[in-house]
Structure formats: structure tokens, C-alpha cells
Enquirer: 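Supplied in C-alpha cells, the structure appears directly below.
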Amino acid sequence: DAGVIQSPRHEVTEMGQEVTLRCKPISGHDYLFWYRQTMMRGLELLIYFNNNVPIDDSGMPEDRFSAKMPNASFSTLKIQPSEPRDSAVYFCASSLTAGGYSTDTQYFGPGTRLTVL
Amino acid sequence: KNEVEQSPQNLTAQEGEFITINCSYSVGISALHWLQQHPGGGIVSLFMLSSGKKKHGRLIATINIQEKHSSLHITASHPRDSAVYICAVKVDTDKLIFGTGTRLQVFP
């Protein structure tokens, strides 16, 4: 398997523009996670899905952020409008979990480095 | 106070030294991850454990659920072990809370 695939790898945009980040999880994985990493705050969970359904979006910073998972093999994280403080590395991860107290590991994608000018 | 605390924040070592990185947490967990992030930025899961000890090559991870503490040990450290090591705890069903990481540099 190719692992978790993210695109683009780098994105530079201007404040106010819409940004869409994409993720393809590992085939067969039923959980998908979006994380953000900054120097100040480290890694933070933004939202995660189980079987394409959003389970917990309490980490989404504000209404400018939205995430969708239209099918088992694709998810998007959208920022509209973008702001300089959104500059960060955004990671997608997926896992195969039986639920409850499963100890299945999460597999991370390479990340998208977003710079908002 | 952070729910997941790591120590030390920064660590330098000479090649061959035995290294220990500590993680303490204050919440109930179902499992604990140790992750490695190389300078290029990619994140790799090293271990996921809920009790006892796991070993993979020169890496050993232990967890004490009663004391809410985990350690990551690296035996015979090598410059290629230089990375940021991140502890993350799994709460609820699958939500992860991350420590701030330990930056390790191993010099030849």
C-alpha cells in the first residue's frame, strides 16, 4: 500500500483565499484524522471521522475551517477565508480500529505545509 | 498544566549512549503512542501500548498505568536516531492528545 497520501505537499496562498487540503487514507482503514502542527502549539487534533462520519470536531479552530469525507477513500480540509495564523503543517492520519479500547496504530501522511501570506 | 508532559524537552547524547525519554499524563487513557518525527517532518508511529513493555530493535517502550507514566529507551544510540520523539495518549475511543515532544540530537 502507498500509505496515507496528502496533497498538495506545499501550499502558499494569500490571506483571504480559500485553501483545500486533500487526503487519501490507507485502503480499508475506517478512521481518518486531521491534525495541525505549529511551533507554538505542537500537534493538535482538528477533527476525526469514523466510516466517513465526523465524530469529534471540537478541535476545529473556528467556522473558517470545514472538513468533509464524501467516501472512504477521500477527505478534504478547507479553510475559507485563510489567515496568516493558519500557517502550519497539516497532517492526515488513518487507522484500522475495532473501536473501544483498540490499540491499532495511526499511520500519518507526509503533511501539507501551508503558508498564508 | 498540559495533560501530557514530556521530559526532557531537549536531549543531546554521544553515539552509543543509553537514552531515556519520559512521558507523564493526567487523564484516563486506553493506550499510549510513541511517535518519531524526523527533521524532514514525517511522522512515524514507533509503538502503541496499553500495558507492560514493547521492544523493537534498539527501542524499548514501557508504560505504568497506575503511575500514569511511560518511558521510551534507546540503547546504543546512533546519529540517525536524531529526531523529535512525541508521546501521545489515546482518550475516549480514538482521540489523541499529544505531548510537546523531546528533541534528541545524537552526535558521532
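A note on names: the letters A, B, ... follow the listed sequences, proteins ahead of strands, and every chain is numbered from 1.
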Enquirer: Under a 4.5 Å heavy-atom cut-off, does chain A meet the side chain of B/L35, its backbone, both or neither?
Expert: side chain

Enquirer: Mark yes when over 12 heavy atoms from residues, nucleotides or ligands other than A/R41 sit less than 6.0 Å from its CZ; otherwise mark no.
Expert: no

Enquirer: Taking C-beta and beyond as the side chain, do A/Y35 and B/I43 meet within less than 4.5 Å on heavy atoms?
Expert: no

Enquirer: Count I, L, V, M, F, W, Y as connected when their side-chain heavy atoms are under 4.5 Å apart, and connections chain through other members. Are A/L32 and A/M60 then in the same cluster?
Expert: yes

Enquirer: Counting neighbours of CZ on A/R64 that are heavy atoms of other residues, nucleotides or ligands and sit closer than 6.0 Å, is the number greater than 12?
Expert: yes

Enquirer: So do the side chains of B/Q37 and A/F108 get within less than 4.5 Å of each other, counting heavy atoms only?
Expert: no

Enquirer: Does B/E17 have more than 12 heavy atoms from other residues, nucleotides or ligands lying within 6.0 Å of its CD?
Expert: yes

Enquirer: With a 4.5 angstrom heavy-atom cut-off, which part of A/F91 approaches chain B: side chain, backbone, both or neither?
Expert: side chain

Enquirer: Where do B/I86 and A/L43 come nearest, in terms of heavy atoms and distance?
Expert: CD1-CD1, 3.8 Å

Enquirer: Verify the neighbour count for atom CG of A/D63: are there more than 12 heavy atoms of other residues, nucleotides or ligands below 6.0 Å?
Expert: no

